[in-house]
Amino acid sequence: HIKRTRIYVRLLEQQIKKRGKYKNSLTDADIDMLYKSAPLHDIGKVGIPDSILRKKSSLTAEEFDIMKRHPAIGRDVIEASVQKLQRLGKSSFLSVAAQMAHSHQEKWDGSGYPQGLKGEEIPFSGRIMALADVYDALISKRVYKAPFPHSKALEIIKQGRGTHFDPDIVDAFLEVHEHFRDIARKFADSK
């Protein structure tokens with residue numbers, strides 16, 4: 001999951017850089033920063049009980065409320081490291097990672113969590129990770145579901161354009177979706 005999502009993020013950023021409003025503002029350094037940050041997007045799950053993370057059936061409302069804490073936990077864990085590094089006089093990609101961890105569950109229409117941010121209120125790092133993370137969750141086996149084929153994941157992401165996902169990021173995804181499928185195959189989970 002970590003390998004795949006970081007490669008998806010880089011691929012999406014490279015495609016976005018070729019088009020539209022990000023053409024002149026997204027630098028190679030930005031792409032590298034988000035690539036380095038991506039593996040930490042779900043670090044907050046260390047604070048979620050295994051009984052919830054590994055549950056084979058649907059989560060109860062109370063369990064889902066606990067699960068919704070992982071973005072804030074992740075941000076807090078990473079920010080603690082950022083503060084320590086700053087005291088040592090070192091800079092780091094971790095500030096971007098904290099932002100990504102905290103915002104990757106937000107949705108374009110404002111229905112996500114933890115803050116209910118909407119549209120471009122959601123940091124770019126969170127918007128791009130949202131699509132990469134959802135795609136990977138859809139095509140991967142989970143304790144509670146079988147993997148979907150690429151074609152089904154593609155349709156779900158298309159349907160989420162402008163509601164779950166930033167339309168510009170979906171458009172970039174649609175231009176490179178075959179590469180996502182190839183990455184998923186190359187770095188498939190072992191059985």
Side-chain angles (χ1 to χ4, degrees), residues 1-12 37-78 97-118 122-123 125-166 169-170 173-174 176-191:
H1 175 70
I2 290 170
K3 284 181 185 177
R4 289 187 304 265
T5 54
R6 79 185 314 204
I7 298 169
Y8 299 150
V9 163
R10 182 171 51 197
L11 179 61
L12 278 173
S37 300
L40 297 174
H41 74 278
D42 269 342
I43 196 167
K45 287 184 177 178
V46 300
I48 306 300
D50 283 346
S51 61
I52 293 174
L53 293 174
R54 299 175 191 260
K55 188 172 180 182
K56 293 181 181 181
S57 58
S58 297
L59 298 179
T60 66
E62 295 80 20
E63 290 167 333
F64 189 57
D65 284 342
I66 293 168
M67 178 63 89
K68 290 190 322 188
R69 295 178 192 159
H70 86 271
I73 294 169
R75 178 208 52 210
D76 294 347
V77 165
I78 297 169
Q99 180 186 69
M100 181 184 281
H102 194 234
S103 62
H104 76 281
Q105 294 291 342
E106 300 289 353
K107 294 183 181 178
W108 188 254
D109 65 4
S111 66
Y113 62 89
Q115 296 178 292
L117 300 177
K118 184 176 184 176
I122 306 165
S125 62
R127 287 182 276 152
I128 202 158
M129 179 48 78
L131 191 144
D133 194 38
V134 167
Y135 175 82
D136 199 66
L138 291 170
I139 59 97
S140 300
K141 180 181 183 218
R142 296 287 187 252
V143 294
Y144 53 86
K145 72 160 199 67
F148 291 148
H150 173 78
S151 58
K152 176 76 171 167
L154 180 63
E155 287 306 312
I156 290 169
I157 289 173
K158 280 183 190 177
Q159 290 171 5
R161 184 184 186 278
T163 54
H164 191 147
F165 307 111
D166 178 334
I169 294 173
V170 172
F173 167 77
L174 294 175
V176 296
H177 73 87
E178 296 94 353
H179 297 293
F180 270 61
R181 182 192 58 228
D182 296 341
I183 292 162
R185 287 178 180 161
K186 182 176 181 179
F187 297 101
D189 294 330
S190 45
K191 299 187 184 218

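Computation of the quantities below employed the complete heavy-atom set of this structure, encompassing side-chain atoms and omitting hydrogens, waters and symmetry-equivalent molecules.
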message: Has Glu106 got a side-chain atom pairing as donor or acceptor with Gln115's backbone, closer than 3.5 angstrom?
response: yes
query: Can you check whether Ile122's main-chain N or O pairs, donor with acceptor, with Arg127's side chain at less than 3.5 Å?
result: yes
message: What's the separation between atom CG in Leu12 and atom CG in Leu131, rounded to the nearest 0.5 Å?
response: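 Atom-to-atom, Leu12:CG and Leu131:CG are 5.5 Å apart.
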query: To the nearest 0.5 Å, what is the distance between CD (Glu63) and OG (Ser51)?
result: 6.5 Å
Kindly indicate whether the side chain of [X], heavy atoms from C-beta on, has any atom under 4.5 Å from the side chain of [Y].
X      : Y      : value
Pro123 : Leu117 : yes
His104 : His70  : yes
Tyr135 : Phe173 : yes

message: Going by salt bridge (Lys or Arg N to Asp or Glu O under 4.0 Å), name the pairs with one or both residues in residues 132-148, residues two or more places apart or in two chains.
response: Arg4-Asp136
- prompt: Which residue pairs satisfy the salt bridge (Lys or Arg N to Asp or Glu O under 4.0 Å) criterion with at least one member in residues 151-165, sequence neighbours excluded?
  reply: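 Qualifying pairs, neighbours excluded: Glu155-Lys158, Arg161-Asp171.
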Nearest heavy atoms of Ala153 and Ile139, plus distance in Å: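 For Ala153 and Ile139, the tightest heavy-atom pair comes out as CB-CG2, 3.7 Å.
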- prompt: What are the two closest heavy atoms between Gly126 and Ser103, and how far apart are they?
  reply: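 Closest pair (atom of Gly126, atom of Ser103, distance): CA-OG, 3.2 Å.
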Derivation of the side chain to side chain contact (heavy atoms under 4.5 Å, CB included) call for Leu53 and Met67: CA-CA 8 Å; Leu53 293 174; Met67 178 63 89; 3.5 Å; yes
- request: With side chain to side chain contact (heavy atoms under 4.5 Å, CB included) as the test, would you mind laying out the steps for His150 and His177 before giving the verdict?
  value: CA-CA 9 Å; His150 173 78; His177 73 87; 2.8 Å; yes
message: Is it the case that atom CD1 in Ile156 sees more than 12 heavy atoms from other parts of the structure closer than 6.0 Å?
response: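 Yes, enclosed.
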- request: Take Leu154 and Leu174, measure what side chain to side chain contact (heavy atoms under 4.5 Å, CB included) needs, and give me the verdict at the end.
  value: CA-CA 8 Å; Leu154 180 63; Leu174 294 175; 3.5 Å; yes
- prompt: Can a donor-acceptor pair be found between the side chains of Arg75 and His102 at a distance below 3.5 Å?
  reply: yes
task: Take Asp42 and His1 through the side chain to side chain contact (heavy atoms under 4.5 Å, CB included) test and state the conclusion after the steps.
output: CA-CA 10 Å; Asp42 269 342; His1 175 70; 4.0 Å; yes
